[in-house]
Amino acid sequence: MRFLRLLAVGLMAVLLTGCGITMPTDPYGSLEHATGGTLRVGISPNGNLTVADDGEYSGKEVELIRGFAESIDAEIEWTVGSEEALVRGLEKQQLDVVIAGMTDQTPWATRAALTRPYMKTTAKDGTVLEHVMLVPMGENALLSALEIYLDTQREDI
């Protein structure tokens, strides 16, 4: 009986050694490349959330992404395009983040990772919309850092 207990404890120790807690990682190194470097942001205009006008960018999501870039000491390289073109850019690791006033109901959820909803707005019909940003699938360190930043900025508008 004592032997079985020792065997069970030994086996559990071996198994737990292989289950160490690790930080989220990015297979393509998005956060590492952006930190102290360039954050590549895709923007698709959408009302007052994302405005792109002749090289000038404004709106609630633009201010949020500027704050995130500042928090990781990154300059922003903007790419304006349709949501579809920007999602392709994420898939090809040409973009790090896409902002477009998207909600958690976006059809792009199968092709890009969504942040947790960080802001709520109310549509004209009274529907509550929960807004998200997109990052490349699998870039979990970038997603985690962005979500932590967005959590500090959370508000309902």
Side-chain angles (χ1 to χ4, degrees), residues 16-124 127-157:
L16 290 176
T17 302
C19 295
I21 297 175
T22 59
M23 298 301 289
T25 60
D26 288 342
Y28 297 102
S30 297
L31 181 59
E32 184 179 338
H33 288 106
T35 302
T38 302
L39 182 68
R40 302 165 303 167
V41 179
I43 180 172
S44 187
N46 188 343
N48 65 353
L49 294 173
T50 52
V51 179
D53 185 23
D54 200 27
E56 297 294 320
Y57 307 99
S58 61
K60 182 65 178 174
E61 289 189 359
V62 170
E63 294 310 312
L64 286 169
I65 212 66
R66 281 187 175 134
F68 174 65
E70 184 178 314
S71 77
I72 61 169
D73 191 32
E75 297 294 322
I76 297 176
E77 177 183 293
W78 297 99
T79 299
V80 180
S82 67
E83 289 180 16
E84 182 175 357
L86 297 175
V87 169
R88 276 196 312 272
L90 287 175
E91 291 174 324
K92 294 177 180 180
Q93 278 66 51
Q94 296 168 337
L95 294 172
D96 301 313
V97 181
V98 168
I99 60 174
M102 287 178 272
T103 71
D104 61 346
Q105 299 302 306
T106 181
W108 304 115
T110 60
R111 294 178 53 190
L114 281 57
T115 63
R116 289 187 300 268
Y118 60 87
M119 177 176 63
K120 294 180 184 179
T121 58
T122 304
K124 291 179 181 177
T127 304
V128 175
L129 306 173
E130 295 191 357
H131 294 271
V132 298
M133 293 180 185
L134 305 181
V135 301
M137 288 281 200
E139 296 301 278
N140 298 322
L142 175 63
L143 179 62
S144 179
L146 179 56
E147 286 182 333
I148 289 168
Y149 176 79
L150 291 172
D151 284 348
T152 69
Q153 305 299 308
R154 188 176 303 274
E155 65 180 75
D156 294 339
I157 61 171

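Nearest heavy-atom pair across A145 and L31 is CB-CD2, 3.9 Å. Between A34 and A74, the shortest heavy-atom contact is O-CB, 3.1 Å. Residue T50 comes nearest to G101 through the heavy atom pair CG2-N, 4.0 Å, listed as atom of the first residue, atom of the second, then distance. The two residues M133 and E61 come nearest to each other via the heavy atoms CE-O, 4.1 Å. Of all the heavy atoms in I76 and V41, the pair that sits closest is CG2-CG2, 3.8 Å. For the pair G81 and L86, the tightest heavy-atom approach, listed with the atom from each and the gap, is O-CD1, 3.6 Å.
V62 is listed as a side-chain neighbour of I43, based on a closest heavy-atom distance under 4.5 Å. Counting heavy atoms from C-beta outward, Q153 and Y118 have side chains that stay 4.5 Å or more apart. Counting only heavy atoms from C-beta outward, the side chains of L49 and M119 approach each other to under 4.5 Å. Counting only heavy atoms from C-beta outward, the side chains of W78 and I99 approach each other to under 4.5 Å. P117 is listed as a side-chain neighbour of V132, based on a closest heavy-atom distance under 4.5 Å. Looking at heavy atoms from C-beta onward, D96 lies out of side-chain contact with H33 at the 4.5 angstrom threshold.
Enclosure of atom CD in E75 is not indicated, since only 12 or fewer non-hydrogen atoms of other residues, nucleotides or ligands lie within 6.0 angstrom. Sparse packing is recorded around CD of E70, with 12 or fewer heavy atoms of other residues, nucleotides or ligands lying under 6.0 Å away.
Of the residues V87, L114, V98, the one that meets the side-chain contact (heavy atoms from CB on, under 4.5 Å) test with T106 is L114. Under the side-chain contact (heavy atoms from CB on, under 4.5 Å) test applied with T115, the options L134, D151, V97, L146 reduce to a single match, L146.
Atom CG of L39 sits about 5.0 Å away from atom CD1 of I72, to the nearest 0.5 Å. Here the straight-line distance linking atom CG of L143 with atom CD of E139 works out to 10.0 Å at 0.5 Å rounding. The distance from atom CG of L129 to atom CE of M102, rounded to the nearest 0.5 Å, is 13.5 Å. Interatomic distance, N140 CG to T25 OG1, rounded to the nearest 0.5 Å: 6.5 Å. Once rounded to the nearest 0.5 Å, the distance linking CZ of R40 with CD of Q93 reads 8.0 Å.
Under the 3.5 Å distance criterion, the side-chain polar atoms of S71 are matched with a main-chain donor or acceptor of F68. In this structure a side-chain-to-backbone donor-acceptor pair under 3.5 Å is missing from T35 to E32. Judged by distance alone, with hydrogens and angles left aside, the side-chain atoms of T103 form no donor-acceptor pair with the main-chain N or O of H131 at under 3.5 Å. When atom types are taken as modelled, the side chain of R111 and the backbone of E84 share no donor-acceptor pair closer than 3.5 angstrom. No donor-acceptor pair closer than 3.5 Å links the side chain of E83 to the backbone N or O of S44.
Under 4.0 Å is where a charged nitrogen must lie from a carboxylate oxygen, and between E91 and R88 no such pair does.
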